[in-house]
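These notes are about the structure you will find just below.
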Amino acid sequence: MIRKLAAFLAVAATLALGGCGYNDLQRQDEGIKAGWSEVLNQYQRRADLVPNLVNTVKGYAAQEQAVLTEVTNARANVGSIKATPELVNDPVAFQKFIKAQGELTGALSKLMLVVENYPQLKSDALFRDLQSQLEGTENRITVARNRYIKSVQEYNTTVRSFPTNLTAMLFKMELKPNATTAPAATPAPAPAPAPAAAPKS
């Protein structure tokens, strides 16, 4: 009799958990983890390109030390944050990481503007290859971020909706932070100096 009652309760609990969104929450949480791991992979790919990119630019434009230092420091700042899948469960650390990535994006944008002043650098095969890899990686980052954002939106909607919000509270499944901070915008190029006035005769 006790065994039958225990089996009945187990079946009832399983049906209750399935009907109250528990399985959906678990599935969506795994989707978030997978999406965030892909974002991290692409950010790491970009970070790995930075040293070679900086060294190549330095070979042609060593006088642009301020920009080169900014890129190097931004990469170091990104590397100082322990980027793990668990980062999505710590909103403060998550926003710090997103901000650091935005700063690296901005520094790289400045570097690409500086390159415009060095035709020989732009024609260097190694630089062109690195630039192409960087552009491809930035595109992959955008795609991965968008997928992550959609995964978090779906999960957070489930966490906040009735009756799944009760299940989320029971199992302490809280809202996840989203990557809403946009990467730093590309700075506008400096205006060209006005031509000197012709001397009066």
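Residue numbers count from 1 along this sequence.
Between Phe127 and Tyr60, the distance separating the two ring centers is not shorter than 6.0 angstrom.
In the hydrophobic cluster analysis, where Ile, Leu, Val, Met, Phe, Trp and Tyr join through side-chain heavy atoms closer than 4.5 angstrom, Ile141 is grouped apart from Val71. Criterion: ILVMFWY side-chain heavy atoms under 4.5 Å apart, direct or through other members. Under it, Ile149 and Val143 are not part of a common hydrophobic cluster. Cluster annotation: Val88 is connected to Phe97 through the hydrophobic network of ILVMFWY side chains, with a link wherever side-chain heavy atoms come within less than 4.5 Å. Linking ILVMFWY side-chain heavy atoms closer than 4.5 Å, directly or via other members, places Tyr148 and Ile81 in a single hydrophobic cluster. One hydrophobic cluster, built from ILVMFWY side chains closer than 4.5 Å, holds both Leu130 and Leu104.
Thr158 contributes no side-chain N or O that, together with a main-chain N or O of Leu25, makes up a donor-acceptor pair within less than 3.5 Å. The backbone N or O of Asn52 lies less than 3.5 Å from a partner atom in the side chain of Thr56, making a donor-acceptor pair. Side-chain atoms of Arg75 never come within 3.5 Å of backbone atoms of Pro51 as a donor-acceptor pair (strictly under, hydrogens ignored). Remark: the backbone N or O of Thr84 is paired with a side-chain donor or acceptor of Trp36 at under 3.5 angstrom. A distance-only check finds a donor-acceptor pair linking the side chain of Asn156 to the backbone of Lys176 [under 3.5 Å].
Contacts of Asp48 classified as side-chain hydrogen bond (donor to acceptor under 3.5 Å, both in side chains), with partners at least two apart in sequence or in another chain: Gln44.
Counting only heavy atoms from C-beta outward, the side chains of Arg145 and Gln42 never approach each other to under 4.5 Å. Counting heavy atoms from C-beta outward, Glu64 and Val57 have side chains that stay 4.5 Å or more apart. Between Asp90 and Val92 the shortest side-chain heavy-atom distance falls below 4.5 Å. A 4.5 Å side-chain heavy-atom check between Val50 and Leu108 finds at least one atom pair inside the cut-off. Taking 4.5 Å as the limit, some side-chain heavy atom of Lys110 sits within range of a side-chain heavy atom of Glu70. Under the 4.5 Å side-chain criterion, counting only non-hydrogen atoms from C-beta, Glu174 is not in contact with Val159.
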(request) Run the numbers on Glu138 and Arg46 for salt bridge (Lys or Arg N to Asp or Glu O under 4.0 Å), then give the verdict. (result) CA-CA 8 Å; Glu138 292 291 355; Arg46 179 172 71 173; 3.0 Å; yes
(request) Evaluate side-chain contact (heavy atoms from CB on, under 4.5 Å) for Asn178 paired with Phe94, printing each intermediate quantity in order. (result) CA-CA 9 Å; Asn178 216 330; Phe94 181 86; 5.8 Å; no
(message) Met173 vs Gln26, test: side-chain contact (heavy atoms from CB on, under 4.5 Å). Steps then yes/no.
(response) CA-CA 9 Å; Met173 301 179 79; Gln26 293 298 324; 3.6 Å; yes
(request) Report the C-alpha separation of Asp129 and Gln133 in whole Å, then their side-chain angles, then the decisive distance to 0.1 Å, and conclude whether the side chain to side chain donor-acceptor pair (under 3.5 Å) test is met. (result) CA-CA 6 Å; Asp129 180 55; Gln133 289 185 56; 2.8 Å; yes
(message) Pair Tyr43, Thr137 - check side-chain contact (heavy atoms from CB on, under 4.5 Å), show working.
(response) CA-CA 8 Å; Tyr43 276 141; Thr137 301; over 6 Å; no
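Dense packing is recorded around CD of Gln63, with more than 12 heavy atoms of other residues, nucleotides or ligands lying under 6.0 Å away.
The OG atom of Ser37 lies 11.0 Å from the CG atom of Leu87; values are rounded to the nearest 0.5 Å. For the atom pair OH of Tyr22 and CZ of Arg27, the computed distance is 14.0 Å after rounding to the nearest 0.5 Å. Expressed to the nearest 0.5 Å, how far CG of Asn139 lies from CG of Leu134 amounts to 9.5 Å. Rounding to the nearest 0.5 Å places OH of Tyr155 at 9.0 Å from NZ of Lys33. Rounded to the nearest 0.5 Å, atoms CZ (Phe171) and OG1 (Thr164) are 12.5 Å apart. Leu175 contributes atom CG, which lies 11.5 Å from atom CG of Asn89 (distance to the nearest 0.5 angstrom).
Residue Val114 forms a side-chain contact (heavy atoms from CB on, under 4.5 Å) with just one option from Leu121, Leu68, Val67, and that option is Val67.
With respect to the salt-bridge test (charged N to carboxylate O, under 4.0 angstrom), the residues Arg140 and Glu38 do not qualify.
When all heavy atoms are compared, the tightest approach of Leu53 to Met112 is CD2-CE, 3.9 Å. Between Ile98 and Ala179, the closest heavy-atom pair is CD1-CB, 4.2 Å.
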